[in-house]
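For reference, the structure discussed in these notes is given below.
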Amino acid sequence: MIEDEEIKTSVSPFAIREGEIKTFDGKDGYVSINQIIHKINLGHITEVHFAILDIVNEFEFVTSRQIYQLLEKRGIEIKSQDKLNNKLDQLVRTKILTRYFFSSEEGKGIYRVYCMEKMGKYLLNSKEVECKWQPTDNTKPVGLIKKRLAGNQVIIAYMRKAKAFEKYTVKPQITAKMSGKSFKANSLVKLSKSGKSINLLFDCVRREEDWEGKFIERMRLYEDFYKNFLRLDSGYDVPPQLIIICEDDKHMVESFKEIVKNKIEINKVKLYFTTDLKQNAQALDKSLIEFEKDEATGKYKANNIEIKFLG
């Protein structure tokens with residue numbers, strides 16, 4: 001598999017393309033649970049297939065490359081991406097999983113996105129694994145799916161490259177106290193070193209339709225959460241560090257301008273930014289950006305910041 005730092009692209013694969021649609025690439029027709037049980041009994045569906053199913057269940061939407069990296073970190077040997085793709089094809093043909101690709105006027109996307117199917121839920125339930133999947137989950141729009149994929153990649157990057165990595169949470173729940181609204185951030189990564197720890201809370205923004213309005217609406221929930229934070233709110237002893245994942249450097253600037261224009265104030269932590277492609281570097285110590293105001297000129301400047309845990 002090509003290493004992250006060897007990927008040569010200036011545009012994130014998880015960026016929104018104009019006029020982009022999600023296209024079904026799964027299997028039509030009917031497959032009975034008896035057919036699947038027969039394949040399990042013959043050894044055609046193995047524990048490796050169930051490990052893949054666990055990952056898709058946890059991450060909701062995931063690419064084959066991401067599945068490969070997650071299996072690798074879990075100590076499950078697949079040998080090659082092609083071998084994994086063959087197993088994914090088996091799961092799609094038996095309607096245990098399904099898949100989509102994205103297409104626009106620029107053409108088809110370069111990757112497929114895998115998600116749960118009804119038979120997959122049945123199999124997980126048979127092993128007493130919680131699966132909250134509903135058929136309507138697969139109708140989610142392109143923007144939401146790409147946010148999930150970008151959040152996955154951040155988790156994988158920290159898992160593979162941060163020596164202080166301890167654990168991750170997919171879609172951690174946050175409660176904005178004054179509004180009483182609960183919502184889910186994109187990803188959480190906990191780093192621990194020398195008896196100290198820090199929680200990095202990631203939220204993803206994409207250039208979808210009316211992205212500015214949706215972004216500010218979400219940032220107001222974060223503003224509420226941080227402004228009124230008390231110990232153990234949403235399960236945290238101290239406020240988690242908030243990091244906004246953008247499509248590219250220009251998008252970071254655009255997002256920060258929206259925050260300034262709408263007078264959003266995130267109290268008790270500094271607000272950091274990153275981009276999809278910054279996760280591809282060999283190390284993550286230069287992946288976070290802070291916008292600092294020059295009091296003399298009144299202008300903001302983007303600076304790399306260092307979190308000691310990433311050193």
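Keep in mind that what you see is a predicted model, and the values were worked out from it rather than measured. Note that the numbering runs from 1 along the sequence shown for the chain.
- Comment: Lys214 does not engage Glu217 in a salt bridge, judged by the lack of any side-chain N to carboxylate O separation of less than 4.0 angstrom.
- No path of Ile, Leu, Val, Met, Phe, Trp and Tyr side chains, each step under 4.5 Å between heavy atoms, connects Leu188 with Met159, placing them in separate hydrophobic clusters.
- Remark: the backbone N or O of Ser64 is not paired with any side-chain donor or acceptor of Asn85 at under 3.5 angstrom.
- Taking every heavy atom of both residues into account, Gly151 and Ser187 meet most closely at O-OG, 3.2 Å.
- Leu284 CG to Arg160 CZ: the interatomic distance, rounded to the nearest 0.5 Å, is 10.5 Å.
- Minimum interatomic distance between Ala15 and Asp276 (heavy atoms only, all atoms of both residues): N-OD2, 4.4 Å.
- Arg218 places no side-chain N or O within donor-acceptor distance of the main-chain N or O of Phe183, the cut-off being under 3.5 Å.
- Annotation: the span from Asp233 atom CG to Asn228 atom CG amounts to 8.5 Å, rounded to 0.5 Å.
- Ile155 is listed as a side-chain neighbour of Phe59, based on a closest heavy-atom distance under 4.5 Å.
- Here CZ of Phe165 is found 8.0 Å from CG of Leu191. Values are rounded to the nearest 0.5 Å.
- A donor-acceptor pair is defined here as one N or O able to donate and one able to accept, closer than 3.5 Å; no such pair exists between the side chain of Asp25 and the backbone of Phe101.
- The backbone N or O of Ile156 sits nowhere less than 3.5 Å from a side-chain atom of Gln66 that would complete a donor-acceptor pair.
- Around the OH atom of Tyr122, the shell of radius 6.0 Å holds no more than 12 heavy atoms that belong to other residues, nucleotides or ligands.
- No chain of hydrophobic side-chain contacts below 4.5 Å, direct or via other Ile, Leu, Val, Met, Phe, Trp or Tyr residues, connects Phe215 to Phe202.
- Note on residues 68-80: pairs passing salt bridge (charged side-chain N to carboxylate O under 4.0 Å, His left out), not counting sequence neighbours, are Glu58-Arg74.
- What you find for Ser103 and Thr23 is that their closest heavy atoms are OG-OG1, 3.2 Å.
- A distance-only check finds a donor-acceptor pair linking the side chain of Ser234 to the backbone of Thr175 [under 3.5 Å].
- Atom-to-atom distance recorded for Ser12:OG and Arg206:CZ is 5.5 Å, nearest 0.5 angstrom.
- Residues in residues 82-92 take part in these salt bridge (charged side-chain N to carboxylate O under 4.0 Å, His left out) pairs, two or more places apart or across chains: Asp89-Arg99.
- Leu277 places a side-chain heavy atom less than 4.5 Å from the side chain of Thr9.
- Grouping Ile, Leu, Val, Met, Phe, Trp and Tyr residues whose side-chain heavy atoms lie under 4.5 Å apart, directly or via other members, places Phe14 in a hydrophobic cluster with Ile16, Phe61, Phe102, Ile110, Tyr111, Val113, Val142, Ile145, Leu149.
- In this view, Tyr226 satisfies the ring pair (Phe, Tyr, Trp, His ring centres under 6.0 Å) rule with no residue, not counting sequence neighbours.
- Residue pairs that meet the salt bridge (charged side-chain N to carboxylate O under 4.0 Å, His left out) test with at least one member in residues 29-53, sequence neighbours left out, are Glu47-Lys127.
- Under a hydrophobic clustering in which Ile, Leu, Val, Met, Phe, Trp and Tyr are joined whenever their side-chain heavy atoms come within less than 4.5 Å, directly or via other members, Phe24 and Ile21 fall into different clusters.
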I'd like to know whether Asp203 forms a side chain to side chain donor-acceptor pair (under 3.5 Å) with Tyr222, so could you lay out the CA-CA distance, the side-chain angles of the two residues, the decisive distance to 0.1 Å, and finally the verdict.
CA-CA 10 Å; Asp203 208 274; Tyr222 279 115; 2.4 Å; yes
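- In this structure, the side chains of Arg148 and Asn186 come closer than 4.5 Å at one or more pairs of heavy atoms.
- Between Asp248 and Arg207, at least one side-chain N (NZ, or NE/NH1/NH2) sits under 4.0 Å from a carboxylate O, which counts as a salt bridge.
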Start with the C-alpha gap between Ile243 and Val154, add the side-chain angles, then the distance that decides, and say whether side chain to side chain contact (heavy atoms under 4.5 Å, CB included) holds.
CA-CA 11 Å; Ile243 303 168; Val154 165; over 6 Å; no
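- Counting heavy-atom neighbours within 6.0 Å of Lys22 NZ, excluding the residue itself, gives a total above 12.
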For side chain to side chain contact (heavy atoms under 4.5 Å, CB included), just list the numbers for Gln69 and Gln153, CA-CA rounded to whole Å, side-chain angles, deciding distance to a tenth of an Å, and then say yes or no.
CA-CA 10 Å; Gln69 291 173 318; Gln153 204 54 51; 3.5 Å; yes
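- For the ring pair (Phe, Tyr, Trp, His ring centres under 6.0 Å) criterion with Phe291, the lone passing option out of Tyr272, Phe273, Tyr300 is Phe273.
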Apply side chain to side chain contact (heavy atoms under 4.5 Å, CB included) to residues Trp211 and His251 and explain how you reach the verdict.
CA-CA 11 Å; Trp211 74 266; His251 194 211; 3.8 Å; yes
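- One N or O on the side chain of Asn304 and one on the backbone of Lys286 form a donor-acceptor pair closer than 3.5 Å.
- Taken to the nearest 0.5 Å, the CG atom of Asn138 stands 6.5 Å off from the OG1 atom of Thr98.
- Side-chain contact between Leu84 and Ile52 is present, with heavy atoms from C-beta onward closer than 4.5 Å.
- Side-chain contact between Glu18 and Glu106 is absent, with no heavy-atom pair separated by less than 4.5 Å.
- Note on Asp249 versus Lys278: salt bridge recorded, some NZ/NE/NH1/NH2 to OD/OE distance being below 4.0 Å.
- By the 4.0 Å N-to-carboxylate-O rule, Lys27 lies too far from Glu117 to be salt-bridged with it.
- Thr139 and Thr136 get closest at one heavy-atom pair: OG1-O, 2.6 Å.
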Side chain to side chain contact (heavy atoms under 4.5 Å, CB included) between Met116 and Leu97, worked out:
CA-CA 5 Å; Met116 293 292 294; Leu97 295 180; 4.2 Å; yes
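- To the nearest 0.5 Å, atoms CD1 (Ile289) and CD1 (Ile305) are separated by 8.0 Å.
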Enumerate donor-acceptor pairs with a distance under 3.5 Å from any side-chain N or O in residues 262-271 to protein atoms, sequence neighbours excluded.
unit_1, atom_1, unit_2, atom_2, d
Asn262, ND2, Glu258, O, 2.8
Lys268, NZ, Phe229, O, 2.8

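- Within the 3.5 Å criterion, the main-chain N or O of Lys193 finds no donor-acceptor partner in the side chain of Lys163.
- Under the 3.5 Å distance criterion, the side-chain polar atoms of Glu60 are left unmatched by any main-chain donor or acceptor of Val56.
- Residues Ser255 and Val205 share a closest heavy-atom pair of OG-CG1, 3.8 Å.
- Within the 3.5 Å criterion, the main-chain N or O of Ser287 finds a donor-acceptor partner in the side chain of Thr274.
- No continuous path of ILVMFWY side-chain contacts below 4.5 Å connects Leu201 to Val238, so the two sit in separate hydrophobic clusters.
- Remark: side-chain polar atoms of Asn57 are not paired, donor with acceptor, to backbone N or O of Leu124 under 3.5 angstrom.
- For the residue pair Gln35/Thr94, the side-chain donor-acceptor check at 3.5 Å is not satisfied.
- One hydrophobic cluster, built from ILVMFWY side chains closer than 4.5 Å, cannot hold both Leu242 and Tyr158; they sit in different ones.
- The only option from Lys250, Met252, Lys257 that meets the side-chain contact (heavy atoms from CB on, under 4.5 Å) definition with Glu254 turns out to be Lys250.
- Residues His38 and Leu42 are in side-chain contact: their nearest non-hydrogen atoms beyond the backbone lie under 4.5 Å apart.
- Counting heavy-atom neighbours within 6.0 Å of Lys177 NZ, excluding the residue itself, gives a total above 12.
- Here the shortest heavy-atom pairing between Tyr236 and Phe225 reads CD1-CZ, 4.2 Å.
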